[in-house]
Amino acid sequence: MLRLAIIFLVIGLILGGLGFGGIGGAFVEIAKILFYIMIALFVIFLVLALMAGKAVT
């Protein structure tokens with residue numbers, strides 16, 4: 001998912017640099033949403049892993 005966020009960010013920056021601000025901005029916003037989703041999933045899985053590790057010991 002991080003790879004998709006980076007791809008959308010790069011495409012958005014290229015489009016913004018070429019003068020397509022509307023579409024470029026949309027790509028950057030999609031990249032932000034994907035990044036926040038990835039961070040949330042990372043935190044959720046980190047908490048689950050820590051809870052599972054304590055239950056085993």
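In what follows, every heavy atom counts, from backbone to side chain, and hydrogens, waters and symmetry copies are set aside.
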Does some side-chain heavy atom of Leu9 sit less than 4.5 Å from a side-chain heavy atom of Phe27?
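They are not in side-chain contact.
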Could you give the distance from CG (Leu2) to CD1 (Ile7), rounded to the nearest 0.5 Å?
10.0 Å
How many angstroms lie between CG in Leu13 and CG in Leu18, if you round to the nearest 0.5 Å?
11.0 Å
Check whether Leu15 and Val28 end up in the same hydrophobic cluster, where Ile, Leu, Val, Met, Phe, Trp and Tyr are linked by side-chain heavy atoms less than 4.5 Å apart.
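Result: no, two separate clusters.
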Scanning both residues in full, the closest heavy-atom pair of Ala5 with Ala31 reads O-CB, 3.3 Å
Around atom CD1 of Ile23, are there more than 12 heavy atoms of other residues, nucleotides or ligands at under 6.0 Å?
no
